[in-house]
Amino acid sequence: MEVAIEIEIAEIALIGFGAIDRERVRAALVAELSRLLAEEGIPAGLSSAGAIETLDGGAFRLGPGMRPERIGQQIALALYRGWQ
């Protein structure tokens, strides 16, 4: 059975980041979140219909000089885990 969901991320607060290519972070976040949903399935927290106003993805570690693409992947994984 194929399930369609729509996820709209209106805002991402990147607190504590200096000059960073936010568009590259966003693109990587979308790509990784799409991959996780396709490969791992829809988390239980998303199984019921309705809007989620806010989601605290928790914390994750970023290494010095980490590329924006890797940061986006880390954010996507934190969000995915937050839905479970």
Side-chain angles (χ1 to χ4, degrees):
M1 179 174 141
E2 188 173 311
V3 177
I5 63 170
E6 180 179 328
I7 298 174
E8 178 183 335
I9 301 172
E11 180 180 0
I12 301 170
L14 299 177
I15 300 167
F17 287 82
I20 188 168
D21 189 338
R22 293 179 186 326
E23 179 54 32
R24 286 172 52 198
V25 172
R26 186 205 64 76
L29 186 158
V30 169
E32 181 66 7
L33 198 52
S34 296
R35 186 194 69 77
L36 287 167
L37 289 167
E39 293 180 9
E40 303 295 328
I42 298 172
L46 287 180
S47 63
S48 60
I52 299 172
E53 292 297 321
T54 61
L55 176 67
D56 182 352
F60 50 90
R61 292 193 179 262
L62 298 176
M66 188 175 280
R67 298 178 52 86
E69 292 80 9
R70 186 69 182 131
I71 294 169
Q73 291 171 337
Q74 291 294 314
I75 294 169
L77 185 57
L79 290 173
Y80 188 82
R81 288 178 179 159
W83 284 320
Q84 296 187 7

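When the side chains of ILVMFWY residues are joined at heavy-atom separations under 4.5 Å, either directly or via intervening members, Y80 and I42 end up in a single hydrophobic cluster. Following chains of ILVMFWY side-chain contacts shorter than 4.5 Å, one can reach L79 starting from M66, so the two form part of one hydrophobic cluster.
With sequence neighbours left out, the side chain to side chain contact (heavy atoms under 4.5 Å, CB included) criterion links E32 to R35, L36, Q73, A76.
Taking CD1 from I75 and CZ from R26, the interatomic distance works out to 12.0 Å, rounded to the nearest 0.5 Å. To the nearest 0.5 Å, atom CG of residue L33 and atom CG of residue L77 are 10.0 Å apart.
Here the closest heavy-atom approach between residue A28 and residue P68 is recorded as CB-O, 4.4 Å.
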